[in-house]
Every structure is written in C-alpha cells, then in structure tokens.
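Here's the structure we're looking at; comments come further down.
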Amino acid sequence: MATESSEGEEDVKLTGGNQVLVVEDDLREMGKKAAWSVSSCKPGNGVSALRDDNLETYWQSDGVQPHLVNIQFQKKVKLQLVVLYVDFKLDESYTPSKISIRAGDGFHNLKEIKTVELVKPTGWVYLSLSGNDPKDTFVNTFMLQIAVLSNHLNGRDTHVRQIKIYGPRPNPIPHQPFQFTSREFITYSIIR
C-alpha cells in the first residue's frame with residue numbers, strides 16, 4: 001500500500017520481512033565505498049555492528065529521536081536499494097516503526113525521498129529508492145541518511161541489525177548496449 005504525500009516523497013507501509021537476503025545480479029553492494037556514522041550509540045553497539053554481516057549484533061542508539069545513520073561517499077554514486085535487517089521478535093520496542101530516507105550533497109541540503117512505515121518486521125526489509133517515474137530507477141547522491149523517526153510500542157532507543165546499500169553494476173564498456181561477462185568477450189567486442 002503506497003500513498004503519495006503532498007511534498008512528493010513517497011509513504012510506504014511494509015509488513016513482514018525476508019529471512020534470506022536475495023538481491024538481483026545487476027546490483028552491487030556500495031557500503032564499502034562510504035564513510036558511515038550514527039547520531040548516537042551505546043558502547044560496543046556502533047557503526048561496526050551495522051556492517052559486520054552478523055545478525056546477532058546490532059546498532060543501538062542512545063539519545064532522543066530521530067536516530068540517524070549517515071552514509072557519505074567521496075564521489076557521487078548511483079543508489080537503487082536500501083536493505084535493513086530488523087527483528088521485532090527479538091527487539092520488541094527497540095524495533096523501528098517509521099523510517100525516513102534522505103539524500104543530498106551533504107548535511108546542508110538533504111531532501112526526504114521516501115518515508116516507510118514498518119509493521120512488526122522480522123528479517124530483511126527492502127526499500128527501493130526508485131521514484132514513481134520509470135526513468136527514476138536510482139538516486140544519484142553524495143550522501144544518504146536513514147532516520148528512525150519512531151519505534152514500535154513507543155520505544156525510545158532503536159536496534160538495527162544490518163544495513164546494506166545497493167547500486168547498479170556498471171557496464172564494463174561505456175556506450176556498449178551488451179553486458180559482456182568475460183575478458184575475452186570484451187576483447188573482441190569492438191571492431192578495429
């Protein structure tokens with residue numbers, strides 16, 4: 001169920017979650033190219049827990065809402081998908097219920113591109129950054145911010161177990177309509 005708000009950002013309501021992370025082959029994980037920071041954290045539950053590929057660890061905020069995860073890139077990148085692992089069964093009131101995704105060149109000009117309401121999620125939750133227009137398949141940005149606006153059961157702090165950011169896999173040959181997969185195919189793809 002998706003509804004359009006008056007300012008142009010998209011409000012989405014999601015339930016459930018996938019136990020297994022499944023991503024299309026034409027996407028690649030972009031998180032390693034970024035500098036990650038959070039607005040607050042409990043000792044031992046910081047950014048490293050978000051990126052360690054361990055579903056037993058988690059980032060735990062420590063402060064007032066909204067709780068922020070800032071993802072900054074050195075150069076402008078194309079991003080298409082944000083995937084979060086949250087678990088209502090384990091985390092209860094620490095589980096996010098409303099998330100805002102913002103993009104921009106830096107902290108000074110972040111614009112909200114999507115607001116998502118999560119209903120008792122358990123597992124991987126997929127948040128597409130694509131707009132309503134078919135041409136808007138990705139967001140071209142220097143910075144992405146994920147803001148936890150509220151938690152289930154009016155919880156104060158939040159737990160997020162993993163965050164993955166995906167962008168389109170680049171074509172190895174610019175202006176080439178085909179995706180050649182081996183070095184030999186690429187070698188013979190151009191007539192001299």
Side-chain angles (χ1 to χ4, degrees), residues 1-5 7-23 29-31 34-72 79-104 107 110-131 139 141 143-167:
M1 176 171 119
T3 58
E4 195 68 31
S5 69
E7 295 176 13
E9 69 268 0
E10 191 177 336
D11 290 339
V12 179
K13 196 175 218 178
L14 296 173
T15 59
N18 293 340
Q19 293 304 310
V20 178
L21 178 63
V22 179
V23 179
E29 216 279 324
M30 303 288 286
W36 292 68
S37 63
V38 292
S39 56
S40 66
C41 66
K42 297 269 187 191
N45 295 92
V47 174
S48 59
L50 280 175
R51 301 288 304 153
D52 64 1
D53 291 325
N54 183 355
L55 300 180
E56 301 299 317
T57 62
Y58 51 83
W59 162 58
Q60 181 175 342
S61 63
D62 185 21
V64 296
Q65 291 174 339
H67 305 299
L68 307 174
V69 177
N70 303 305
I71 306 148
Q72 295 175 288
L79 301 175
Q80 193 168 347
L81 182 68
V82 174
V83 186
L84 306 168
Y85 191 92
V86 287
D87 196 336
F88 181 76
K89 292 176 185 171
L90 290 175
D91 300 328
E92 296 177 345
S93 67
Y94 289 97
T95 308
S97 65
K98 190 168 188 179
I99 294 176
S100 168
I101 299 179
R102 305 162 184 165
F107 290 100
L110 289 172
K111 182 182 175 202
E112 190 169 84
I113 55 174
K114 186 168 272 197
T115 303
V116 180
E117 192 172 322
L118 304 174
V119 181
K120 296 184 179 180
T122 299
W124 294 100
V125 177
Y126 297 81
L127 309 173
S128 173
L129 300 178
S130 304
V139 174
T141 187
M143 180 176 179
L144 198 70
Q145 184 178 72
I146 301 169
V148 177
L149 304 177
S150 63
N151 290 329
H152 284 80
L153 309 172
N154 295 322
R156 192 180 116 207
D157 290 334
T158 194
H159 285 183
V160 177
R161 294 181 174 268
Q162 292 291 301
I163 298 179
K164 304 278 186 190
I165 310 267
Y166 292 94

Look up atom CD1 in Ile165 and atom CD1 in Ile146, then write down how far apart they are to the nearest 0.5 Å.
4.5 Å

Are any side-chain N or O atoms of Lys98 and backbone N or O atoms of Thr115, one a donor and one an acceptor, separated by less than 3.5 Å?
no

Among side-chain atoms of Gln162 and Asn54, is any donor-acceptor pair under 3.5 angstrom?
no

Report yes if some heavy atom in the side chain of His67 is under 4.5 Å from a heavy atom in the side chain of Val38; otherwise report no.
no

Roughly how far, to the nearest 0.5 Å, is CG of Leu90 from CZ of Arg161?
5.0 Å

For the residue pair Ala147 and Leu68, what are the closest heavy atoms and their distance?
CB-CD2, 3.5 Å

Check Gly104 against Leu110 and note the closest heavy-atom contact, atom names and distance.
N-CD2, 3.7 Å

Distance col, row Asp53:CG vs Glu29:CD, nearest 0.5 angstrom, shows 8.0 Å

To check you understand the geometry: which heavy-atom pair defines the closest contact between Thr95 and Asp87, and what is its length?
OG1-O, 3.6 Å

What's the shortest heavy-atom distance between Tyr85 and Gln19, and which atoms?
OH-OE1, 3.6 Å

Above 12 or not: heavy atoms from other molecules or residues under 6.0 Å from CZ of Phe88?
yes

Taking His152 for its side chain and Pro96 for its backbone only, find out whether a donor-acceptor pair lies under 3.5 Å.
yes

Just by modelled atom types, is the Gly31 backbone N or O under 3.5 Å from a matching donor or acceptor in the Trp36 side chain?
yes

Check: Asn70 and Phe107 side chains under 4.5 Å, non-hydrogen atoms
yes

Would you please test Asn45 and Tyr58 for side-chain contact (heavy atoms from CB on, under 4.5 Å) and show each step?
CA-CA 6 Å; Asn45 295 92; Tyr58 51 83; 3.5 Å; yes

Who are the side chain to side chain donor-acceptor pair (under 3.5 Å) partners of Arg102, not counting sequence neighbours?
Ser100, Gln145

Any chance you could measure Asn151, atom CG, to Gln65, atom CD, to the nearest 0.5 Å?
5.0 Å

Polar side-chain atom of Gln60 near backbone of Gly44 as donor-acceptor pair, under 3.5 Å
no

Do Lys42 and Asp157 have side chains that get closer than 4.5 Å, going by heavy atoms?
yes

Using side chain to side chain contact (heavy atoms under 4.5 Å, CB included) as the criterion, list what pairs up with Thr141, not counting sequence neighbours.
Leu79, Ala103, Val139

With no hydrogens and no angle check, do the side chains of Thr158 and Ser61 hold a donor and an acceptor under 3.5 Å apart?
no

Min side-chain heavy-atom separation Val86-Tyr94 under 4.5 Å
no

Contact check, side chains of Ser150 and Glu117, non-hydrogen atoms, under 4.5 Å
no

Applying side-chain contact (heavy atoms from CB on, under 4.5 Å) between Lys164 and each of Leu81, Val23, Val83, report the one that passes.
Val83

Check Val22 against Tyr126 and note the closest heavy-atom contact, atom names and distance.
N-OH, 2.8 Å

Does Asn18 reach the main-chain N or O of Val20 with its side chain, forming a donor-acceptor pair under 3.5 Å?
no

Looking at Ser40 and Asp62, would you say the former's side chain and the latter's main chain have a donor-acceptor pair under 3.5 Å?
yes

I need the Ile99 CD1 to Ile101 CD1 distance, nearest 0.5 Å.
7.0 Å

Heavy-atom closest pair, residues Leu50 and Trp59
CG-CB, 3.6 Å

Walk me through whether Tyr166 and Leu129 qualify under side-chain contact (heavy atoms from CB on, under 4.5 Å).
CA-CA 10 Å; Tyr166 292 94; Leu129 300 178; over 6 Å; no

